[in-house]
Protein chains: 2
Amino acid sequence: MDKDHYLERLVRKLETNSPLQSEERDQLLRLPLVLKQFEAGHDIVSEGERTKNCCLVAEGLVCRYKIVGDGQRQILSLHLPGDIPDIHSLLIEQMDHNLGTLTAATVGIIPHEAVRILTRSYYRIAEAFWRETLVEAAIYREWMVGIGRRSAPSRIAHLFCEFITKMTAIGLSDGKTCELPLTQPEIADALGLSTVHMNKKLREIRQAGLVRLRSNKLTILDWKGLCQLAEFDPDYLHLREASSKK
Amino acid sequence: MDKDHYLERLVRKLETNSPLQSEERDQLLRLPLVLKQFEAGHDIVSEGERTKNCCLVAEGLVCRYKIVGDGQRQILSLHLPGDIPDIHSLLIEQMDHNLGTLTAATVGIIPHEAVRILTRSYYRIAEAFWRETLVEAAIYREWMVGIGRRSAPSRIAHLFCEFITKMTAIGLSDGKTCELPLTQPEIADALGLSTVHMNKKLREIRQAGLVRLRSNKLTILDWKGLCQLAEFDPDYLHLREASSKK
DNA sequence: CGTGTGCTTGAATACGATCAAATGCGGTGG
DNA sequence: CCACCGCATTTGATCGTATTCAAGCACACG
């Protein structure tokens with residue numbers, strides 16, 4: 001029953017980039033939260049649904065994705081604990097994509113109404129959530145550039161750079177190594193590649209001594225080299241610390 | 001000196017999807033606006049900049065884009081009159097991409113402070129702008145799916161469907177024909193394709209009798225066929241009318 | 001009537017997809 | 001402990017789509 005802990009993680013994330021007053025912080029920590037468990041590979045919310053709740057990722061890895069006509073999947077974003085990936089459902093009625101788990105996950109269900117009361121009462125809270133959605137849009141832009149204009153090796157490297165940077169920002173990595181609980185088909189679907197091709201190029205990256213990746217454990221062996229291959233510049237993540245990291 | 005007209009267009013767009021009270025509408029119409037002219041192909045705001053203003057597109061076609069290491073460009077979004085493509089700069093200090101003109105354009109410069117006073121005083125105004133940025137994110141997702149998982153012809157068709165739908169929504173098209181002031185290299189850069197390949201596949205679409213495109217005039221000859229090729233479903237644009245159109 | 005810009009076309013090449021199969025590995029049950 | 005199963009990863013071969021390079025064309029504009 002770690003509800004408080006999960007909300008704290010949310011607040012910590014918001015406060016990293018948006019100032020909150022102590023009353024606002026308290027109100028956020030008092031949000032009603034119903035925890036729900038999901039197995040890996042299951043949908044939390046599906047395309048076309050209209051919900052009255054939003055979902056705080058408490059544990060596990062969650063993604064947005066769409067399926068195209070011929071059955072191919074495009075993963076659109078990855079969401080770590082502390083994210084509310086469907087906060088947009090506050091203002092946009094209908095889901096235009098799916099939200100699903102990549103690992104077993106715990107999700108905190110929060111009624112829209114509870115959030116709406118806060119965003120309408122405290123403009124700083126509204127701005128904090130708004131800002132999160134804007135950073136997400138910045139990540140979309142970066143992914144779009146990758147899928148549209150970067151080579152396969154560069155995209156793979158970029159995913160690693162971004163993932164470990166985000167994990168580090170929420171304290172789940174030391175910046176050198178972290179869990180990467182994605183199968184290769186999932187990585188391929190995030191990058192707009194086929195599994196086979198992704199596997200072959202990943203092998204090259206490994207053989208070039210840039211990373212190690214085994215049984216969902218990612219280790220960066222050559223951060224500079226990896227960033228160079230990826231043309232990774234963490235500015236687009238708009239993390240306060242990330243710029244200093246460089 | 002059509003400042004009022006341009007602000008009205010903004011308000012009309014916001015009100016299509018977000019309810020506003022008459023006082024809020026009036027406040028928006030009273031926003032200070034300094035008009036500025038740009039030639040085609042010039043930057044309005046560049047990557048790395050920190051501005052104290054945002055830009056209302058008054059006339060012309062504007063886009064976001066990024067340039068990658070080898071000089072290739074990815075166009076990330078298109079912006080029609082009534083858009084404020086850099087409203088995010090209210091909350092995110094640094095531009096992570098460029099904002100440039102595709103045609104000659106008139107842009108209304110609005111100080112952040114003026115907007116911020118409104119969004120902080122009237123939660124409906126904040127929500128209206130927030131919602132616009134969320135719809136933009138939905139469009140990013142759709143583009144990402146296209147670039148990552150759709151064939152070249154499908155992507156081209158999708159661009160046409162989306163563009164004419166958006167133009168129709170703001171009254172600049174009858175749904176059958178409209179201006180499409182993009183060169184083929186620009187279309188290619190929006191779709192993550194090379195100019196040559198884009199040209200060849202466009203030819204096929206034309207020969208299939210789906211569209212006519214000459215001297216920046218787009219005419220839809222077979223809307224159903226085009227939508228089918230594009231797998232276009234306007235739901236993601238979250239326009240109130242669009243769903244009924246289908 | 002020449003010139004430039006954007007469009008079109010062809011040929012060669014490369015990158016990534018698809019198809020098919022083998023390998024490795026963790027977990028389960030004999 | 002070992003055999004087997006299922007899943008993820010790896011590999012090879014072939015095919016197709018898209019890129020690159022290079023040239024020619026067409027129309028608007030001076």
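Side chains included, hydrogens not; waters and symmetry mates left out as well; all remaining heavy atoms used. Numbered from 1 within each chain, the chains take letters A, B, ... in sequence-line order.
Qualifying side chain to side chain donor-acceptor pair (under 3.5 Å) partners for Tyr140(A), counting only residues two or more places apart in sequence or in other chains: Arg64(A), Glu136(A), Arg141(B). Checked against side chain to side chain contact (heavy atoms under 4.5 Å, CB included), Arg214(A) has no partners two or more places apart in sequence or in another chain. Listed by chain and residue number, His97(B) satisfy the ring-ring contact (aromatic ring centres under 6.0 Å, His included) test with His88(B) (two or more places apart in sequence, or in another chain). Taking the side chain to side chain contact (heavy atoms under 4.5 Å, CB included) definition, one finds that Glu132(B) meets it with Lys13(B), Leu14(B), sequence neighbours left out. Residues forming a side chain to side chain contact (heavy atoms under 4.5 Å, CB included) with Val34(B) (at least two apart in sequence, or on another chain): Ile109(B). Gln228(B) pairs by the side chain to side chain donor-acceptor pair (under 3.5 Å) definition with nothing, not counting sequence neighbours.
The interatomic distance linking Asp189(B) (CG) with dC7(C) (P) rounds to 12 Å, in whole Å. One interatomic measurement links the two molecules: CG of Leu182(B) to C1' of dG6(C), which rounds to 13 Å at whole-angstrom precision. When the P atom of dC15(C) is taken as reference, atom CZ of Arg155(A) falls 13 Å away, rounded to whole Å. Protein atom NZ of Lys201(A) is 8 Å distant from nucleotide atom C1' of dC15(C), rounded to whole Å. Glu204(A) places its CD atom 12 Å from the C1' atom of dG16(C), with the value rounded to the nearest Å. Between Leu180(A) atom CG and dA8(D) atom P there is a gap of 15 Å when expressed in whole angstrom units. Atom CE in Met198(A) sits about 14 Å away from atom P in dA8(D), given to the nearest Å. When the C1' atom of dG16(C) is taken as reference, atom CZ of Arg150(A) falls 18 Å away, rounded to whole Å.
Of the residues in residues 61-80 of chain A, none has a non-hydrogen atom less than 4.0 angstrom from any atom of DNA chain C.
Formation of a donor-acceptor pair under 3.5 Å by the Gln74(B) side chain with backbone atoms of Ala190(B) is found in this model.
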Under 3.5 Å, which N/O atoms of the protein pair with N/O atoms of nucleotides 26-30 of chain D?
none

List every contact pair, protein side and nucleotides 24-28 of chain C side both N or O, where the distance is under 3.5 Å.
none

Atom pairs and distances, donor-acceptor, side-chain atoms in residues 195-205 of chain B, under 3.5 Å, two or more places apart:
{"from": "Asn199(B)", "atom 1": "ND2", "to": "Gln184(B)", "atom 2": "OE1", "distance (Å)": "2.7"}
{"from": "Lys201(B)", "atom 1": "NZ", "to": "Glu204(B)", "atom 2": "OE2", "distance (Å)": "3.2"}

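Axis angle across the helix from dT8(C)-dA23(D) to dG30(C)-dC1(D), with five pairs used at each end and values rounded to 10°: 30°.
His79(B) and Phe163(B) have their aromatic ring centers separated by at least 6.0 angstrom.
The side-chain heavy atoms of Phe232(A) and Thr165(A), taken from C-beta on, include a pair separated by under 4.5 Å. For the pair Ile187(B) and Thr183(B), the minimum side-chain heavy-atom distance is 4.5 Å or more. Contact annotation: the side chain of Tyr65(A) approaches that of Asp43(A) to within less than 4.5 Å [non-hydrogen atoms, C-beta and beyond]. Between Thr101(B) and Thr103(B) there is no side-chain heavy-atom pair separated by less than 4.5 Å.
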Assess whether salt bridge (charged side-chain N to carboxylate O under 4.0 Å, His left out) is satisfied between Glu47(B) and Lys66(B), documenting all intermediate values.
CA-CA 8 Å; Glu47(B) 195 169 339; Lys66(B) 288 200 196 197; 5.3 Å; no
Give the intermediate values and the outcome of salt bridge (charged side-chain N to carboxylate O under 4.0 Å, His left out) for residues Glu179(B) and Lys217(B).
CA-CA 5 Å; Glu179(B) 284 290 316; Lys217(B) 267 232 154 35; 2.6 Å; yes
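Nucleotides of DNA chain D nearest to Asn216(A) and Arg149(A) differ in position, and the one nearer the 5' end is that of Asn216(A).
Residue Thr183(A) is in sugar-phosphate contact alone, with no base atom involved, counting any heavy-atom pair closer than 4.0 Å across all strands shown.
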Counting primed atoms, P, OP1 and OP2 as sugar-phosphate and everything else as base, the B/S/- map of nucleotides 10-16 of chain D against protein heavy atoms under 4.0 Å is BBBB---
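Side-chain contact, Glu142(A) with His158(A): a donor N or O sits under 3.5 Å from an acceptor N or O.
Distance from the side chain of Ser151(A) is smallest to dG16(C) among dT18(C), dG16(C), dA18(D).
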